[in-house]
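There's a structure below that I have some questions on.
Every heavy atom of this structure was used, including side-chain atoms; hydrogens, water molecules and symmetry mates were not. Counting convention: from 1, in listed order, for ligands and their atoms alike.
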Amino acid sequence: MKVLVINCGSSSLKYQVLEMETEELLCKGLVERIGIDGSVIKHEKIGMDKWVLETPMKDHKDAIGHVLNALTDPEHGVAKSMDEIGAVGHRVVHAGEKYAGSVLITDDVIKALEECIDLAPLHNPANLQGIAACKALMPNTPMVGVFDTAFHQTMPAESYLYALPYEYYTKYGVRRYGFHGTSHRYVSLKAAEMLGKKPEDLKIITCHLGNGASLAAVCGGKVFDTSMGFTPVAGLVMGTRCGDIDPAILGYVAAKEGKDLAAMDKVINKESGVYGLSGVSSDFRDVENAANEGNEQAATALKVYAHRVKSYIGAYMAEMNGCDAIVFTAGLGENGITMRKAICENLENLGIELCDERNNVRGKDTVISKDSSKVKILLIPTNEELMIAKDTYEIVTGK
Ligand code: ADP
């Protein structure tokens, strides 16, 4: 069966088609500038050059119409007709406390996701538009929702509650939800496979270090804790997000700078992180280059970043009473050789020993710890689309 995976943003849309019997990627693509001038679809059938088509697309339905045309194109397509696409898997950011796993999309599910818009105002509306567009254009194809928050729903109250008045939780759903769940699940399952053990028998710390970044403590296959919170701004230092700060700073700086809460929200989301700290860039490659050229502020920003990841690793080892493996994934986790080294440095007493030679690698499934390391350190490129496609296939076929 061929499965179409859709990841809808507010003005963009990423897609892939996978052949599930072999888990082979058949094609992938990106639609940009939906609803604005210069709409474009960039489609790539694996093994062929990219096919770029600029054509007006007023909304997500238009965009998905063009995706479906590309999928059935005689030259660039991967199916003779849409009937060959057996199911669609949708990435949805927020399912609140409603779903702890992927589900077949029904009218009730759509209603539940609409109720979560308040919690993810930038993401859920776009995800829902993608679902509505597919429903209109492929009314007989089953669809599955795969949620960024779902994997984290196993967290116990001591991990997800904030020490605020309890009624904020009961009335407004103020709690830690966590994000990147599909990635944390994919790499923790892959780690178990690589270590030849069952997920139930392992304690794993998964480090998803991309533009957005989060850690998860996965104990016996279930998330015990994660670093992102009520929103994806919490936890680690990120490209432009601040991660954990003293909450009193917001009011203090707002008063000093004459800013309101919306302006402070922009500061913590878009002007902070390594970008704000280094004054150079949100891209780690630029910050690393600047640090190598002697920019001390950039070097300090990288130290703050590594320090924060390290402190979470320590916290999660304490929470799980140890750890069998640490996994690095996403842009920086998969490529940042010096950052991985900085994070793992001086942790020998915790049984964490990185092998410099094995660490000199990018973007492949591999073990990068020394043989003597009690805690195995793994590098696993994430593949959220494959995880979404697998869930979709399993739910639709019952296999
Ligand atoms: P997103 O959260 O946007 O999906 P990615 O997982 O693609 O992000 O990660 C993007 C980040 O990965 C970039 O900002 C960049 O800083 C970092 N990165 C990518 N390649 C390298 C590299 N070779 N060395 C260091 N950092 C890298």
Backbone N/O of T72 and side chain of E84: donor-acceptor pair under 3.5 Å: no

Check: H184/T206 side-chain N/O donor and acceptor closer than 3.5 Å: yes

Donor-acceptor pair, side chain of E21 and main chain of M1, under 3.5 angstrom: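 Flag set: sc E21 to bb M1 pair under 3.5 Å.
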
Using a 4.5 Å cut-off on heavy atoms from C-beta on, say whether the side chain of V174 contacts that of L164.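 Counting from C-beta outward, L164 and V174 do come under 4.5 Å.
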
CG of D107: more than 12 outside heavy atoms within 6.0 angstrom?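 Check fails, neighbour count at 12 or below.
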
Sort out the contact shell of ligand 1: every protein residue with a heavy-atom distance below 4.0 Å, listed by chain and number.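 Protein residues near ligand 1 are G210, N211, G212, D283, F284, R285, A330, G331, L332, N335, R362.
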
Parallel, tilted or perpendicular: rings of F230 and Y177 (30°, 60°): tilted

